[in-house]
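Contents: one structure, followed by commentary.
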Amino acid sequence: ARMGVTAMLRPIPKRILSQTMTLHVPSAMDTDQNVTYTDTVVSHVHFQSDHRTIKQKDNTEIQTTGVLFIDPRYSRPALDCLALSAQAEAVGAQLRVTIDDQTLTILNVDAVPDDTGRLHHWEVTTV
């Protein structure tokens, strides 16, 4: 097997980052399990509808609705999606997002590195 050359990951073209989303970040949960969300409007993102069945850690299957591409250069404001995901987990609730008039739950957040190991973009799977 010959060694593959890592392809240079080119920046996501700004023209496809044409959508705006509202990110709902859990900030608190009261004793009745009611979650308080802090909303952030983020421009220049791309949502790709993608219905797949994926197996979770506990072996249950879940149907995804799509993948959200968030770019550290163009998406505004710049977010640390992993930190927000950790904050949601600490509150005990899930991140949610509203895009194209639908509100979706964020299943997971992946930081996709470029060939130098720096953050290239975030891929956020929604259900």
Side-chain angles (χ1 to χ4, degrees):
R2 64 197 172 95
M3 295 296 288
V5 176
T6 308
M8 276 279 297
L9 266 177
R10 287 194 303 279
I12 297 172
K14 193 168 184 183
R15 65 185 154 72
I16 75 159
L17 297 166
S18 60
Q19 290 160 289
T20 297
M21 68 176 190
T22 303
L23 189 63
H24 311 286
V25 181
S27 48
M29 190 187 291
D30 68 17
T31 49
D32 295 327
Q33 307 291 304
N34 294 317
V35 181
T36 306
Y37 292 92
T38 304
D39 289 358
T40 304
V41 175
V42 184
S43 60
H44 303 297
V45 298
H46 176 66
F47 180 70
Q48 200 169 328
S49 198
D50 181 21
H51 296 273
R52 284 179 303 151
T53 302
I54 54 176
K55 258 199 168 56
Q56 298 197 184
K57 289 183 191 89
D58 63 3
N59 248 359
T60 55
E61 291 192 345
I62 194 161
Q63 194 71 34
T64 68
T65 51
V67 178
L68 203 51
F69 293 89
I70 303 172
D71 189 278
R73 284 169 299 277
Y74 297 133
S75 302
R76 287 285 171 269
L79 300 173
D80 182 340
C81 296
L82 288 178
L84 294 175
S85 183
Q87 179 187 327
E89 224 163 271
V91 171
Q94 285 178 291
L95 292 168
R96 305 187 72 193
V97 61
T98 301
I99 192 158
D100 295 343
D101 297 327
Q102 52 181 341
T103 298
L104 305 166
T105 299
I106 291 177
L107 179 66
N108 62 10
V109 172
D110 286 311
V112 180
D114 66 13
D115 51 334
T116 65
R118 293 210 323 256
L119 175 68
H120 185 271
H121 66 274
W122 302 99
E123 281 184 23
V124 177
T125 306
T126 60
V127 292

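We number each residue from 1, following the sequence as shown.
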Euclidean distance, D30 CG relative to Q33 CD, rounded to 0.5 Å: 8.0 Å
Hey, does I16 have a side-chain heavy atom less than 4.5 Å from the side chain of F69? no
Can you measure from OG1 (T40) to CZ (R76) and round to the nearest 0.5 angstrom? 14.0 Å
Whether Y37 and H24 hold their rings parallel, tilted or perpendicular, with breakpoints at 30° and 60°: perpendicular
Please tell me if the side chains of H120 and I12 come closer than 4.5 Å, counting only heavy atoms from C-beta onward. yes
Within the 3.5 Å criterion, strictly below it, is a donor on T65 or T126 matched to an acceptor on the partner's side chain? yes
Could you walk me through whether L82 and W122 pass the side-chain contact (heavy atoms from CB on, under 4.5 Å) check? CA-CA 9 Å; L82 288 178; W122 302 99; 3.3 Å; yes
The single option from V124, I106, V41 passing side chain to side chain contact (heavy atoms under 4.5 Å, CB included) against L23: I106
Looking at residues at least two apart in the chain, or sitting in another chain, which of them share a salt bridge (Lys or Arg N to Asp or Glu O under 4.0 Å) with R52? D50
In the structure I gave you, are the side-chain heavy atoms of Q19 and D100 within less than 4.5 Å of one another anywhere? yes
Under a 3.5 Å threshold, yes or no: a donor from one side chain and an acceptor from the other, between T20 and S43? no
Would a distance-only check, ignoring hydrogens and angles, find a side-chain to backbone donor-acceptor pair under 3.5 Å from D32 to N34? no
Validation row: P113, L119 side chains within 4.5 angstrom (heavy atoms): no
Taking the side chain from T105 and the backbone from V127, do they hold a donor-acceptor pair closer than 3.5 Å? no
Please check if the number of heavy atoms outside D58 that lie under 6.0 Å from its CG is greater than 12. yes
Nearest heavy-atom pair of V91 and A28: which atoms, and what distance? CG1-C, 3.7 Å
Taking the side chain as every heavy atom from C-beta outward, state whether H46 and R15 have any atom pair closer than 4.5 Å. no
